[in-house]
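Remember, it's 1-based here, ligands and their atoms both numbered in the order they're listed. Just so you know, these numbers use all the heavy atoms, side chains as well, and skip hydrogens, waters and symmetry mates.
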Amino acid sequence: MVNAAFAVWNGTGAPPAASETEAWLRYAPRDAESAKPYAQLPSRVEVLHESLVLDSAQKELIAGMSRMLGRSVQAGSGGGNAFLLGSAPEARKRVPELKLPALKPDGYWLKVTRSRGQRLFLIIGSNDRGVLYGVFALLSKIAREQDISNIDEAEQPFARLRWVNQWDNLDGHIERGYGGPSIFFADGKVRYDLTRAGQYARLLASIGINGCTINNVNADPRVFRPDFIPQIKGIADAFRPWGVQVALAADLSAPKVLGDLDTFDPVDPKVAAWWKNKIDEIYRAIPDFGGFTIKADSEGQPGPSTYGRTHADAANMIARALKPHGGVVFYRAFVYNHHLDWRNLKNDRAKAAYDNFHPLDGEFDDNVIIQIKNGPIDFQVREPVSPLFAGLRRTNEAIELQITQEYTGQQRQLCFLVPMWKEALDFDMRINDKHTPVKALVAGRVFHRPTGGFAGVANVGMDASWLGNSLAMANLYGFGRLAWDPDLGPEKIIEEWTRLTFGNDPEVVRTIDRMQLSSWHIYENYTGPLGAGTLTNVTGNHYDPAPESSERNGWGQWHRADREGIGMDRTLATGTGFIGQYPPAVQKIYEPLASCPDRLLLFFHHVPYTHVLHSGKTVIQHIYDSHYDGAEEAAGLGEQWKTLPGRVDEARYEEILALLEYQAREAIVWRDTICNWIYQLSGIADQKGRVGRRSQP
Ligand code: GCW
């Protein structure tokens, strides 16, 4: 049975409606009353110098103002009131009396001023991209009915590198993509029509994303074939007007598998020369190429270990060829042995990233960034932060967050991830007993690194709503906003997004915000409790409940549930010793049962089912209760949505309702599967007598 709500556009037939594709850039028309406060805004938009990006900025401002305010707004220079768009030096020439704030790369300043009798609305950037970001910020304020009449606001990005990764294969399929086929590739080639690539770049620019790796990190070396590079240039051309750099995932064995050399040993000068030539060739076609994302020696990807070399040998060899062009290497820390012996209780996949990369600290070149997943396992519903963030002090780092909901409902279930990411970014590593939140580490602020930042695995596709569910777009939006300013709270981010996506009706905003903000905990409640992992089908679809699939295999996503108890003992005292990878002050929180927070208990400790949590409940009763609560809360999401007919357009109302009703049913499947499993394993009855009975959906 095909449920219309899940149907994705396959790229043929009528393209989806523009508004859905525009996501949070809808620029919905205003009624006369709410347009009034903006009546004083100029009707002329002047750019202070010519460039592709400024041209986009100008067009965006004109389109956004015209659509929202129903005004005729024109481009052009001349006298009278105007928006002035330009870089700081140009603005200074034009308005010499201006006192400009200091702006970092990509930063902007919005300022209303008067000069020679003209009322000017300045949108000044440290560079062209900054101007574009300023325009988007201004339009967002208008869309959200903010007062801008006397604005004086300078904004700076928290970190330099704010990229998304797409796991797109050249055949058009996206690994862990739930929004339809690739917007970049089909049938082994770059698509002829790259309209969606351009639209994607516009969305990315509107949230400050400045780079995009377009192909899967399980990389296909064919992207380096001479006939492929001009095709990638097509994508770069679609991105360029929006200031988004194109980047590639690189297979380190390319020199060999493409047949040019008989080796890919990173210290072999022939190999280095091959990469240098290849990189020079890329830059001849794409002068603003961003660089590479590299997955090596992981899950079957080739890597330097083939030749007994280190990750630093491999990363630096490529980084040196990129350096003269200003390119960077994001080298992924997601390196682990997926054939671990599960019988050995000291083995622990969580230790792998730190074990592999901490010893290399200080050996990476300045344009290498180690890209670290937020948690030490793999995007589970609840993990502690990776200790590697504190384990690199002379190396650039970036946090990898997963926008595509691989383990968190695959966009068919609502799970707003910003609160989870925010917890990771705010987590205090207490390095040398000083306040050292993860966000400051990844931005390179603690150890004064030249660069660093954020990589979000987005995996948007050809589906009209990009991710297959318009509510899931809050995750893409939120990723960009956090990468720009990780001090923003989830409440602020979701309020922005909801207003931009659904309008300013207070009832709609309140309801959708509440649903989104509660959704991660709800999902956690009916899937994987207390840090045990998602309890999903680890060896299969990463979606359905299948708690036994974690065990007795080499993948290392073990929860170690048996007749007596559950949880991975990662303590220093009796377990795998993983806790020892954290700074001492953090070890002190996680090592003793007395201070380990309930929500991560089973990540760090193996305890009997009768262990009493800080909450006062036993572990087993918590598992039962949280699953029943979660299933009920999931049903509540649909109920909340049902208060909105007539306030949300019908198409989206119906589509989302169908998804939420489906989610409520899935939550019951999860609840019953997990509760029955743990009941059979433990033999301990649910105090409330629910488990083991036939469920009443
Ligand atoms: O979680 C795993 C995914 C793989 C992915 C890998 C990675 C691209 O299941 O599909 O491969 O992570 O991050 O490299």
Side-chain angles (χ1 to χ4, degrees), residues 163-179 182 184-185 212-221 223 247-253 292-303 305 311 314-315 329-340 349-350 352-353 356-357 369-383 386 388 398-411 415 417 420-421 424 454-461 479 527-528 533-544 546 549-550 553-558:
W163 285 24
V164 287
N165 292 175
Q166 288 277 141
W167 290 349
D168 297 28
N169 296 323
L170 305 193
D171 65 3
H173 173 259
I174 304 178
E175 181 156 346
R176 316 297 174 193
Y178 313 105
S182 172
F184 302 125
F185 309 108
C212 174
T213 303
I214 54 176
N215 59 316
N216 192 353
V217 287
N218 292 328
D220 190 326
V223 292
L248 288 173
D251 174 338
L252 284 180
S253 70
F292 294 143
T293 304
I294 296 175
K295 172 176 180 178
D297 285 328
S298 164
E299 299 183 334
Q301 290 305 111
S305 69
H311 294 296
V329 173
F330 279 89
Y331 199 96
R332 296 178 84 232
F334 186 64
V335 176
Y336 69 103
N337 173 3
H338 66 278
H339 298 291
L340 274 185
R349 169 170 164 185
N356 278 292
F357 286 87
I369 302 107
I370 303 301
Q371 178 169 321
I372 308 166
K373 288 190 183 187
N374 59 290
I377 299 285
D378 192 7
F379 301 134
Q380 301 298 289
V381 72
R382 172 76 66 178
E383 291 186 48
S386 170
L388 186 58
I399 188 166
E400 180 175 314
L401 300 170
Q402 201 185 37
I403 297 157
T404 189
Q405 295 168 232
E406 176 180 356
Y407 285 97
T408 50
Q410 303 190 352
Q411 277 105 275
C415 192
L417 295 164
M420 176 208 271
W421 300 336
F454 292 72
V457 181
N459 293 358
V460 304
F479 168 77
T527 59
T534 20
L535 305 184
T536 185
N537 187 340
V538 167
T539 49
N541 61 6
H542 297 188
Y543 183 71
D544 295 315
S549 70
S550 299
N553 61 48
W555 289 98
Q557 289 185 224
W558 309 314

By side-chain hydrogen bond (donor to acceptor under 3.5 Å, both in side chains), Asn541 pairs with (sequence neighbours left out) Asp544

Within-4.5 Å side-chain heavy-atom neighbours: Lys373 and Arg332
yes

Ligand 1: which protein N/O atoms lie under 3.5 Å from its N/O atoms?
| unit_1 | atom_1 | unit_2 | atom_2 | d |
| --- | --- | --- | --- | --- |
| ligand 1 | 1 (O) | Asp378 | OD1 | 2.9 |
| ligand 1 | 1 (O) | Asp378 | OD2 | 2.3 |
| ligand 1 | 1 (O) | Glu406 | OE1 | 3.4 |
| ligand 1 | 1 (O) | Glu406 | OE2 | 3.3 |
| ligand 1 | 9 (O) | Arg176 | NE | 3.0 |
| ligand 1 | 9 (O) | Arg176 | NH2 | 3.0 |
| ligand 1 | 9 (O) | Glu406 | OE2 | 2.6 |
| ligand 1 | 10 (O) | Glu175 | OE2 | 2.4 |
| ligand 1 | 10 (O) | Arg176 | NE | 2.9 |
| ligand 1 | 11 (O) | Glu175 | OE2 | 3.2 |
| ligand 1 | 11 (O) | Asn218 | ND2 | 3.2 |
| ligand 1 | 11 (O) | Lys295 | NZ | 3.3 |
| ligand 1 | 12 (O) | Lys373 | NZ | 3.1 |
| ligand 1 | 13 (O) | Arg332 | NH2 | 2.6 |
| ligand 1 | 13 (O) | Lys373 | NZ | 2.7 |
| ligand 1 | 14 (O) | Lys295 | NZ | 2.6 |
| ligand 1 | 14 (O) | Arg332 | NH1 | 2.8 |
| ligand 1 | 14 (O) | Arg332 | NH2 | 3.4 |

Item checked: Short side-chain to backbone donor-acceptor contact, Thr539 and Ser549, under 3.5 Å -> no

request  = Could you tell me whether the side chains of Tyr336 and Glu299 share a donor-acceptor contact shorter than 3.5 Å?
outcome  = yes

Mind checking whether Val335 and Phe357 have side chains closer than 4.5 Å, heavy atoms only? yes

Here the pair of heavy atoms bringing Trp167 nearest to Val457 is CE2-CG1, 3.4 Å

